[in-house]
There are 2 protein chains.
Amino acid sequence: MATIYEVSALAGVSLSSVSRVLNDHEHVSKKTKEKVVAAMNKLNYRPNTIARSLASNRSNSVGVLVSELHGPFFGAMLSSIELELRNAGKHAVITAGHSDEQSEIDGLDFLIDRKCDALILLVDAISDDYLIKLSKSKTPFVILNRNISEISDHCFYLDNELGGYLAAKYLIKQGHKEIAYISGPLTKQDSTERLAGHKKALAEANIPFKENLVYEGNYLTKSGRDGINFLIKNKAKFTAVACSNDEMASGAMRGARDHKLLIPEQCSFIGFDNAFFTEYLYPQLTTINFPVNDMAKMSTQWILKNVYKQKELDITNMFIPKLIERQSVQQN
Amino acid sequence: MATIYEVSALAGVSLSSVSRVLNDHEHVSKKTKEKVVAAMNKLNYRPNTIARSLASNRSNSVGVLVSELHGPFFGAMLSSIELELRNAGKHAVITAGHSDEQSEIDGLDFLIDRKCDALILLVDAISDDYLIKLSKSKTPFVILNRNISEISDHCFYLDNELGGYLAAKYLIKQGHKEIAYISGPLTKQDSTERLAGHKKALAEANIPFKENLVYEGNYLTKSGRDGINFLIKNKAKFTAVACSNDEMASGAMRGARDHKLLIPEQCSFIGFDNAFFTEYLYPQLTTINFPVNDMAKMSTQWILKNVYKQKELDITNMFIPKLIERQSVQQN
DNA sequence: AAATAAACTGGAAGCGCTTTCATTCTGAAT
DNA sequence: ATTCAGAATGAAAGCGCTTCCAGTTTATTT
């Protein structure tokens, strides 16, 4: 591996000059630059990124911390982040928190220790306070899918309330009046917001909100099924079920079928997120689109702009959900 | 940020000694070690990983290159890799090839330039020859889901033929004799192997293999649907369809339903991979399990053993598929 | 042609650590 | 008490680059 010394010797210029052309500095004459470039090519020189990082105190890498690497969500997200980053000559170091607070914090430390220039966080377990404190330290970061008001310009999130609203409104428009709701854990911000939107739509349509039509799940498939079982066991009456995410919707559909309900004829379903598998379901699931890719891309661009001073662009923090109409809702 | 100098000064020992305790060297007296550890704690010292890398010429990171980050496969894989790596104090740098040869090669160079100590590759587009050549260079690597005979001890893969065999055999056991096959692209190793297993099972049962019952798809959902349409248009007769992966199976099921076929009563389906969404399908898809997690874990352990000399363990290169019986196959 | 500013270049220190080598210390064996 | 291997330590030279500073060259203005 050729080093900068050899390039400098072959080109007949100083180290500094080589470094300058490497970093695209102004104030290098065309002649010098040509000599250096020629020497680099001849030696097939590849800069040692580690040495550069040490000397310059920046690593050209951004750390990504996610609670869970599997599931239908993160692939799409990482894909957008990685693409955007690599186009900018940066790269992603990825760690997972494996859904445990200490583990998430370890992941954070790990990334900070690796001298990541910035971080992208998609974390559940770490508290607002911790993140607010972190925002005062040196490493800049953005937060996905969560809005912490004290640092909201670092946050990128969906208008969850609008999403919940759109879903319920659509069901109402299709003639449903008895609408059950399977929620995510109400300790989570997105769950409560989605439910709030749901209630708002009901209120607008003068449909009373009934507590006994709500089941609090945990975003996993199984809890969708549990939700349906719960509702049926309690003899709740409903013609449609709005679910706080697609996984629960799929579980709920399965549960409904276990009870011999025809979908959508006897029971309609609407999901949330527009995960890729919703098209595979039968019937295909009507749902609310969560523009994950846009959000991931935007957050990465925020970093490119604010940390690497590369892009000049407008930043949007809140993203807009959209109804995706498929076959799981019956017109009544 | 405290440096090793400050630790050394506070502890009243030399740089070398601090470095030694940092790296768990032998030949440090208990007394020195205690002093150093105390000083480190007091200063809240965190070693600079970049500097360590530069001096020691190893980065404690392993590069992961995948063709595509999204899809149902990679999340699980990355999750296993990351977990295993972090437990060993190493970390993952992840890049994606975005399914394009040049882009995959760029990704490779990227990781090599970052001085990754080893690489984990899950790539489609890069040729065998390129990888064989790469195996002669400095950076060690493993290859997932692909067997290149010249470097097969670096390869971790499924016994695809056995998988195809198990699927067909199961259908036959359930009384099916007219079995259609929707294949992945036959330019890909795994596709041809799976098909070979399929043929073998037919042969064993003295069922003639009919070319007109085979459709070559591309592993995507849509091509499963196309496959069914193709078969029906050509008036092929079949009671079951074996698919080379789950996504095509889901597409095929949808296609069958478009033609008003009851599943599994009029047409049975079996998939391949046991992707997580197969449980969401209706009916739940009978399929062949691909132990992604095991494979990812094993490959990571290979690196821990051979590159970092950490583990002593037996390496298995070939993994065994298993039938997962669910509801999409009818007993005839 | 002289004066001045601007562009360009090179020297050298340093980023924070590892690692060789030589030296000193320790304790067991004689 | 003497010897000597082995353990413990420290000094110093890098790892490959960036960057500040000072010095030199070139261009511009008068």
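Source: prediction; values computed, not measured. Scope of the values below: all heavy atoms of this structure, side chains included, with no hydrogens, waters or symmetry mates.
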[X] side-chain proximity, nearest of [options]:
X: A:H25; options: D:dG16, D:dT19, C:dT18; value: D:dT19
X: B:R52; options: C:dT18, C:dG16, D:dG10; value: C:dT18
X: A:A55; options: C:dG11, D:dT18, C:dT18; value: D:dT18
X: A:S14; options: C:dG11, C:dC8, C:dC17; value: C:dG11
X: A:P47; options: C:dG11, C:dG16, D:dC17; value: D:dC17
X: A:S16; options: D:dT9, C:dG11, D:dT18; value: C:dG11
X: A:Y5; options: C:dG10, D:dT19, D:dG16; value: D:dG16
X: B:H27; options: D:dG10, D:dA8, C:dG16; value: D:dA8

Regarding [X], tell me which of base, sugar-phosphate or nothing describes its non-hydrogen contacts under 4.0 Å with the strands shown.
X: A:V13; answer: sugar-phosphate
X: B:S19; answer: base
X: A:N48; answer: sugar-phosphate

Evaluate whether atom [atom1] of [X] has more than 12 neighbouring non-hydrogen atoms of other residues, nucleotides or ligands under 6.0 angstrom away.
X: B:D153; atom1: CG; answer: yes
X: A:K305; atom1: NZ; answer: yes
X: A:N41; atom1: CG; answer: yes

B:R46 (side chain) and C:dG16 (base): donor-acceptor pair under 3.5 Å: no

Ignoring backbone atoms, test whether [X] places a side-chain nitrogen or oxygen under 4.0 Å from the OP1 or OP2 oxygen of [N].
X: B:N23; N: C:dT18; result: yes
X: A:S56; N: D:dT19; result: no
X: B:T32; N: D:dA8; result: no

A:L121: which of A:I126, A:L108, A:L144 passes side chain to side chain contact (heavy atoms under 4.5 Å, CB included): A:L108

May I have the distance from [X] (atom [atom1]) to [N] (atom [atom2]), rounded to whole angstrom?
X: B:K35; N: D:dA8; atom1: NZ; atom2: P; answer: 14 Å
X: B:K115; N: C:dC17; atom1: NZ; atom2: P; answer: 20 Å
X: B:R20; N: C:dT19; atom1: CZ; atom2: C1'; answer: 9 Å
X: A:I4; N: C:dA12; atom1: CD1; atom2: P; answer: 17 Å
X: A:L54; N: D:dC15; atom1: CG; atom2: P; answer: 14 Å
X: B:E6; N: C:dG16; atom1: CD; atom2: P; answer: 9 Å
X: B:L15; N: D:dA12; atom1: CG; atom2: P; answer: 11 Å
X: B:K33; N: D:dT9; atom1: NZ; atom2: P; answer: 12 Å

Kindly compute the distance separating CG (B:N317) from CG (B:N147), expressed to the nearest 0.5 Å. 8.0 Å

Please confirm whether the backbone N or O of A:K115 pairs with a side-chain atom of A:S59, one donor and one acceptor, at under 3.5 Å?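 Looks like yes, one N/O pair under 3.5 Å.
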
Tell me which of A:S29 and B:A2 sits closer to the 5' end of DNA chain C, going by the nucleotide each one is nearest to.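 The residue closer to the strand's 5' end, by nearest nucleotide, is A:S29.
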
